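Just so we're clear, the structure is a prediction, and the values are computed from it rather than from any experiment. The residues of the chain are indexed from 1 along the displayed sequence.
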Amino acid sequence: PGVPWPRRNSLIELAREVDILFVAVFAHPKKTHHLIGRDIIEALGSDGLLVNVSRGFVLDELEVIAALEDGRLGQAALDVLDPEPTDPRRWDGVPNVLLTPHIAGATRGSNAQLERHTIAKVCEFFGFETK
C-alpha cells in the first residue's frame, strides 16, 4: 500500500498479466513446494517465459515439462532443478527450455568478490593481515 507500482492480490493474477514470471522466492519445503503448478503455468500461457532461480522444488517440473511439450507454456529458463543433479534424460527433447547448473548468481564480478572475501576470512581466522 502507498507505493506507485501495481500490485496483484494473487500469484495467478500476476501470471495472467505478465510475459515473464521470474521466480525468486524463499525456499520452504512446505510453504513453497510446487508453488508454481499447472494453474500458474497455464495462466502464464503459451507466450510466457518462466524463470526459476530459487529452488527446484518450487516448480512442479513434470507440469513444466508437459506444458512446454504441448505448448501451454512458451519457454522456461531454469537455474535450479529437482533433484540436483537431475537426470538429463528427463529433459531430452523438451522444447524451448534453457537449463543452467545452478549458476544464476555467478558473474565475473561476483566470483572475484567471493574469492577476495574467502581469502580475507581465511586470513582473519589464522590471524594474518590482509591489504
Nearest atoms (heavy-atom pairs only) where [X] meets [Y]:
{"X": "Arg8", "Y": "Pro6", "value": "NH1-CB, 3.7 Å"}
{"X": "Val18", "Y": "Leu44", "value": "O-CD1, 3.7 Å"}
{"X": "Arg55", "Y": "Ala27", "value": "CG-CB, 3.1 Å"}
{"X": "Pro83", "Y": "Arg90", "value": "CD-NH1, 4.0 Å"}
{"X": "Ile41", "Y": "Ala67", "value": "CG2-CB, 3.4 Å"}
{"X": "Gly48", "Y": "Leu73", "value": "O-CD1, 3.7 Å"}

State the [atom1]-[atom2] distance between [X] and [Y], to the nearest 0.5 angstrom.
{"X": "His117", "Y": "Leu114", "atom1": "NE2", "atom2": "CG", "answer": "7.5 Å"}
{"X": "Leu11", "Y": "Leu21", "atom1": "CG", "atom2": "CG", "answer": "6.0 Å"}
{"X": "Leu78", "Y": "Glu61", "atom1": "CG", "atom2": "CD", "answer": "7.0 Å"}
{"X": "Glu63", "Y": "Arg38", "atom1": "CD", "atom2": "CZ", "answer": "5.0 Å"}
{"X": "Asp39", "Y": "Asp60", "atom1": "CG", "atom2": "CG", "answer": "10.0 Å"}
{"X": "Asp47", "Y": "Leu49", "atom1": "CG", "atom2": "CG", "answer": "11.0 Å"}

When you group the ILVMFWY residues by side-chain heavy-atom contacts below 4.5 Å and let the links chain together, are [Y] and [X] in the same group?
{"X": "Val23", "Y": "Ile12", "answer": "yes"}
{"X": "Val80", "Y": "Ile65", "answer": "no"}
{"X": "Val51", "Y": "Leu59", "answer": "no"}
{"X": "Leu99", "Y": "Val94", "answer": "yes"}
{"X": "Trp91", "Y": "Leu50", "answer": "yes"}

Inset, instruction - Determine whether Ile36 and Asn52 make a side-chain contact, defined as any pair of heavy atoms from C-beta on separated by less than 4.5 Å. - result: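 No, too far: nothing below the 4.5 Å cut-off.
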Inset, instruction - Would you mind reporting whether Phe22 and Val53 have side-chain heavy atoms less than 4.5 Å apart? - result: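 Yes. Closest side-chain heavy atoms under 4.5 Å.
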I'd like to know if the side chain of [X] reaches the main chain of [Y], judged simply by a donor and an acceptor atom lying under 3.5 Å from each other, with no hydrogens or angles considered.
{"X": "Thr86", "Y": "Asp82", "answer": "no"}
{"X": "Glu17", "Y": "Leu14", "answer": "no"}
{"X": "Thr100", "Y": "Ile103", "answer": "no"}

Legend entry - Residue pair Val25, Val58: steps toward the side chain to side chain contact (heavy atoms under 4.5 Å, CB included) verdict: CA-CA 8 Å; Val25 298; Val58 172; 3.9 Å; yes
Inset, instruction - Any chance you could lay out the side chain to side chain contact (heavy atoms under 4.5 Å, CB included) test for Phe57 and Thr32, step after step, and finish with the verdict? - result: CA-CA 8 Å; Phe57 67 77; Thr32 59; 3.8 Å; yes
Inset, instruction - Would you sort out whether Ile119 and Cys123 count as a side chain to side chain contact (heavy atoms under 4.5 Å, CB included), showing the intermediate values? - result: CA-CA 6 Å; Ile119 290 169; Cys123 289; 4.2 Å; yes
Legend entry - Gln113, CD atom: more than 12 neighbouring heavy atoms under 6.0 Å: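 Counting other residues, nucleotides and ligands, CD of Gln113 stays at 12 neighbours or fewer.
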Legend entry - Over 12 foreign heavy atoms within 6.0 Å of CG, Asp92: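 Check passes, neighbour count above 12.
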Inset, instruction - Check step by step if side chain to side chain contact (heavy atoms under 4.5 Å, CB included) holds for Val64 and Leu68. - result: CA-CA 6 Å; Val64 172; Leu68 287 167; 3.9 Å; yes
Inset, instruction - May I have the step-by-step check of salt bridge (charged side-chain N to carboxylate O under 4.0 Å, His left out) for Arg16 and Glu13, ending in yes or no? - result: CA-CA 5 Å; Arg16 285 184 186 121; Glu13 276 184 50; over 6 Å; no
